[in-house]
Structure formats: C-alpha cells, structure tokens
Amino acid sequence: MSTTESTTARPGEAAWQPKLVALDIDGTLLRWIEGTGTTSEALSDKVRDAVRRAYDSGAHVVLSSGRSAHSMTGIADLLGLPDEGAERLWIVASNGAVVLRYPPVDVVHEETFDARAAVENILERRPNVLVAVENRGLGYRFNRPFPEGELDGAHLIAPIDEMVAEPVSRVIIRDPDATPEDFLALGRELGLHGIDYVVGYTAWLDLTPVGVSKASGLSYVCDQLDLEPADVLAIGDGRNDVEMLEWAGRGVAMGNAPDVVQAVADAVTAHVADDGAALELSRWF
C-alpha cells in the first residue's frame with residue numbers, strides 16, 4: 001500500500017471528519033532511537049501542532065498505547081492536553097486493558113486475567129527470559145532488570161510466581177538475545193488458551209486477556225461518548241495496532257510500520273521520522 005497523497009474525505013463520503021482521533025505513541029508520535037527499543041521523549045513541533053489542531057477543532061484526542069498508564073500522562077502533558085478547565089482526557093493504556101481519565105489519573109475500566117499457566121509454559125521453553133508486570137500507578141515489578149530505558153517508573157525485583165499470583169492486566173516477556181521472529185514462532189508454539197499476545201519491534205511479547213486490544217479499549221471510550229467506530233481516525237505503527245486500524249472508520253499505518261500492519265490499514269502515511277502522523281492529521285484539521 002502506498003503513502004497517502006491528498007485525500008480529504010473517505011471514499012464515498014463528501015465531507016467526513018473524524019470525531020475521535022486515536023493515536024499510538026511510540027513510533028507514531030515519538031521517533032524511535034536507532035539501535036534501541038526506546039523512543040525519544042521529544043515531540044516534533046509539526047506533530048504537536050497537528051494534534052493540537054485536532055483537539056482545538058473539537059475532536060476527542062485519545063492516546064492509545066501499549067504503555068502503562070503512568071507513562072502516558074507525560075505525553076499528554078507534552079501535547080498540552082487537556083486545556084485547563086476542559087473535560088478530562090481519555091487514555092487507553094496497556095494495549096486496551098486499562099482505560100483512564102486524566103488529569104488526575106482515574107482508572108475507569110480494567111481487564112485482567114490469570115497469567116500463571118501461560119508464564120509457566122513460556123518459562124519451560126525459554127527459562128532465561130525477562131518477565132515484568134505493571135505495578136499500576138508506580139512502575140513495574142520484574143524478575144531481572146530490563147535493558148535501560150525500556151521500562152519507566154519505579155522498579156521492583158520480585159519472584160515470578162509472586163508477580164502472577166493474582167490476576168494482571170498485562171505480562172511482558174523480553175529476551176534481549178532473541179529476535180522478533182523468534183517470539184512470533186514462540187507465540188505460535190504456545191497455543192495459548194484464553195490469552196492474546198502481540199510481538200513488538202524487538203523480542204518483546206505482551207500477554208493480554210483474550211479479546212482485549214486497543215480496539216476494545218477505544219470501543220469502551222466510544223460507548224461513553226456516544227460515538228461509532230466510523231467516527232474514528234486511528235494512526236499506529238505496531239503489530240499491537242492491527243485491531244485498532246481494522247476497527248476504526250479510517251485506520252492509517254505509519255510508513256515505518258511492518259508490512260503486516262500496513263496491509264490492514266486504509267492508508268499509509270509517511271515515516272515517523274518524516275512526521276507522518278502530522279501529515280495525516282493535516283488532511284482533516
């Protein structure tokens with residue numbers, strides 16, 4: 001699929017404009033730092049201005065990420081959202097498992113699952129992987145430290161069986177010595193029942209409750225706002241964005257997205273390094 005050129009309305013519609021804009025963060029709003037699994041925490045002026053135009057037009061801007069809740073509020077602050085005295089922002093965190101309002105942080109919806117059997121299954125195959133769960137509102141608990149910069153917030157080392165003793169919203173599996181292809185194969189081997197998984201750009205595997213995705217989190221938000229998927233423009237770059245892009249009225253993949261993500265999108269915008277999110281937003285706002 002080629003990069004979008006000059007679309008100003010969806011095919012078959014003379015004057016469509018998004019009522020809700022769902023934005024992934026890493027690799028969409030923020031640029032990846034080459035050779036690492038982390039992104040810059042600096043927004044380009046073009047991206048910030050484009051997001052602000054969407055917000056100022058009256059569209060609901062919803063950050064939708066695999067990040068934990070506490071690491072997304074800083075991005076809202078960088079965007080200057082919401083305006084002082086305005087309605088609180090909606091945020092979809094942890095790949096749809098957590099929905100919150102901000103500020104202040106108020107979790108209004110959370111999906112959890114029993115991850116014990118899945119984690120045991122993974123450890124049988126890869127006993128040396130890193131395992132982390134979100135310590136909501138604070139940071140993460142993990143069995144061993146992750147590569148620097150990959151997890152934010154406060155860090156606490158804990159035994160794996162203790163981390164998954166109670167239901168969780170997400171489990172992160174990481175192996176710095178493996179590849180994404182290794183983890184894609186691992187996911188196929190596991191035959192997980194009642195649990196979904198998504199593989200990141202690196203050897204990073206997110207386990208989530210079955211049926212939970214950014215699309216399900218955004219669907220919850222739309223229900224609260226009396227909106228339909230057809231009202232939504234969604235932009236993302238990762239495998240964890242596939243359901244969101246398929247669900248939205250207009251799903252747009254970044255130019256840096258893997259082929260599997262671009263294949264499901266309605267359109268493909270420019271690379272994150274070329275402010276592709278701003279380019280797409282500028283077509284509508």
Side-chain angles (χ1 to χ4, degrees), residues 26-27 32 35-38 65-71 93-98 110-217 237-244 258-261:
D26 300 298
W32 291 106
T36 74
T38 61
S65 173
R67 288 186 176 212
S68 58
H70 71 273
S71 69
S94 300
N95 286 326
V98 177
E110 184 172 17
E111 300 277 0
T112 61
F113 68 112
D114 184 347
R116 289 174 295 181
V119 171
E120 289 173 2
N121 203 352
I122 291 170
L123 290 174
E124 287 178 3
R125 290 167 168 77
R126 291 183 174 269
N128 296 320
V129 294
L130 308 177
V131 181
V133 299
E134 183 180 346
N135 194 10
R136 186 151 62 79
L138 298 173
Y140 292 90
R141 290 178 291 161
F142 45 59
N143 61 330
R144 298 193 313 280
F146 275 52
E148 186 175 357
E150 289 192 354
L151 297 179
D152 60 359
H155 297 165
L156 177 66
I157 293 179
I160 293 175
D161 57 355
E162 178 183 305
M163 288 191 288
V164 296
E166 300 293 333
V168 295
S169 58
R170 180 178 60 149
V171 176
I172 301 168
I173 308 294
R174 178 78 167 96
D175 185 351
D177 297 322
T179 66
E181 290 70 29
D182 292 334
F183 268 28
L184 287 168
L186 175 63
R188 291 191 293 268
E189 289 172 18
L190 291 173
L192 300 173
H193 298 289
I195 296 175
D196 280 344
Y197 71 91
V198 64
V199 176
Y201 278 102
T202 57
W204 176 296
L205 182 73
D206 276 335
L207 302 179
T208 60
V210 68
V212 171
S213 67
K214 293 185 184 183
S216 67
D237 75 307
R239 294 182 181 91
N240 60 338
D241 292 311
V242 166
E243 294 88 351
M244 176 177 77
D259 290 345
V260 67
V261 180

Practice item. Could you tell me which residues satisfy salt bridge (charged side-chain N to carboxylate O under 4.0 Å, His left out) with E110, sequence neighbours excluded, listed by chain and number? Key: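 Listed in chain order: R136.
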- N/O donor-acceptor pair under 3.5 Å between D241 side chain and D237 backbone: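 Yes; at least one donor-acceptor contact below 3.5 Å.
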Would you check if the side chain of S94 reaches a backbone N or O of A97 as a donor-acceptor pair within less than 3.5 Å?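 Pair absent, no side-chain N/O of S94 close to backbone of A97.
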OG (S65) and CE (M244) are apart, to the nearest 0.5 Å, by 9.5 Å
What residues form a side chain to side chain contact (heavy atoms under 4.5 Å, CB included) with N240, not counting sequence neighbours?
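If we apply the side chain to side chain contact (heavy atoms under 4.5 Å, CB included) test to N240, skipping adjacent residues, the hits are N95, V198, K214.
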For this session: Can you sort out the partners of N135 under side chain to side chain contact (heavy atoms under 4.5 Å, CB included), two or more places apart, ordered by chain and number?
Result: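 Checked N135 against side chain to side chain contact (heavy atoms under 4.5 Å, CB included); matches are L138, R141.
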**Item:** Residue E148 excluded, over 12 heavy atoms near CD under 6.0 Å
**Value:**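 12 or below, so no.
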Residues pairing under salt bridge (charged side-chain N to carboxylate O under 4.0 Å, His left out) where one sits in residues 111-122, two or more places apart or in two chains, turn out to be D114-R116
Those residues at least two apart in sequence (or on a different chain) that pass side-chain hydrogen bond (donor to acceptor under 3.5 Å, both in side chains) with S213 are none
* Asked: Who passes side-chain hydrogen bond (donor to acceptor under 3.5 Å, both in side chains) against E243, sequence neighbours left out?
  ->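 Scan of E243 (side-chain hydrogen bond (donor to acceptor under 3.5 Å, both in side chains), adjacent residues dropped) gives none.
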Shortest non-hydrogen contact between [X] and [Y], atoms and distance:
{"X": "G96", "Y": "S216", "result": "O-OG, 4.4 Å"}
{"X": "A118", "Y": "L207", "result": "CB-CD1, 4.1 Å"}
{"X": "V199", "Y": "P180", "result": "CG1-O, 3.8 Å"}
{"X": "R170", "Y": "S68", "result": "NH2-N, 3.8 Å"}
{"X": "S169", "Y": "P209", "result": "O-CD, 3.5 Å"}

inquiry  = Pair I172, D206 - check side chain to side chain contact (heavy atoms under 4.5 Å, CB included), show working.
reply    = CA-CA 5 Å; I172 301 168; D206 276 335; 3.4 Å; yes
Identify each donor-acceptor pair in which a side-chain atom of residues 123-132 lies under 3.5 Å from a protein atom, sequence neighbours left out, and give them as a table.
{"from": "R125", "atom 1": "NH1", "to": "N121", "atom 2": "O", "distance (Å)": "3.4"}
{"from": "R125", "atom 1": "NH1", "to": "N121", "atom 2": "OD1", "distance (Å)": "2.2"}
{"from": "R126", "atom 1": "NH1", "to": "D175", "atom 2": "OD2", "distance (Å)": "3.4"}

Next item on the list: Test F142 against R174 for side chain to side chain contact (heavy atoms under 4.5 Å, CB included), laying out the working first.
Entry: CA-CA 11 Å; F142 45 59; R174 178 78 167 96; over 6 Å; no
Polar contact flag, side-chain donor to acceptor under 3.5 angstrom, Y197-T208: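 Side chains of Y197 and T208: no pair found under 3.5 Å.
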Open item on the list: As a quick check of understanding, evaluate side chain to side chain contact (heavy atoms under 4.5 Å, CB included) for I122 and F183, giving each step before the final call.
Closed with: CA-CA 10 Å; I122 291 170; F183 268 28; over 6 Å; no
If you look only at distance, which donor and acceptor atoms sit under 3.5 Å apart when one is on a side chain in residues 152-166 and the other is two or more places apart or in another chain?
{"from": "D152", "atom 1": "OD1", "to": "H70", "atom 2": "NE2", "distance (Å)": "3.1"}
{"from": "H155", "atom 1": "NE2", "to": "L151", "atom 2": "O", "distance (Å)": "3.0"}
{"from": "H155", "atom 1": "NE2", "to": "D152", "atom 2": "O", "distance (Å)": "3.4"}
{"from": "H155", "atom 1": "NE2", "to": "G153", "atom 2": "O", "distance (Å)": "3.4"}

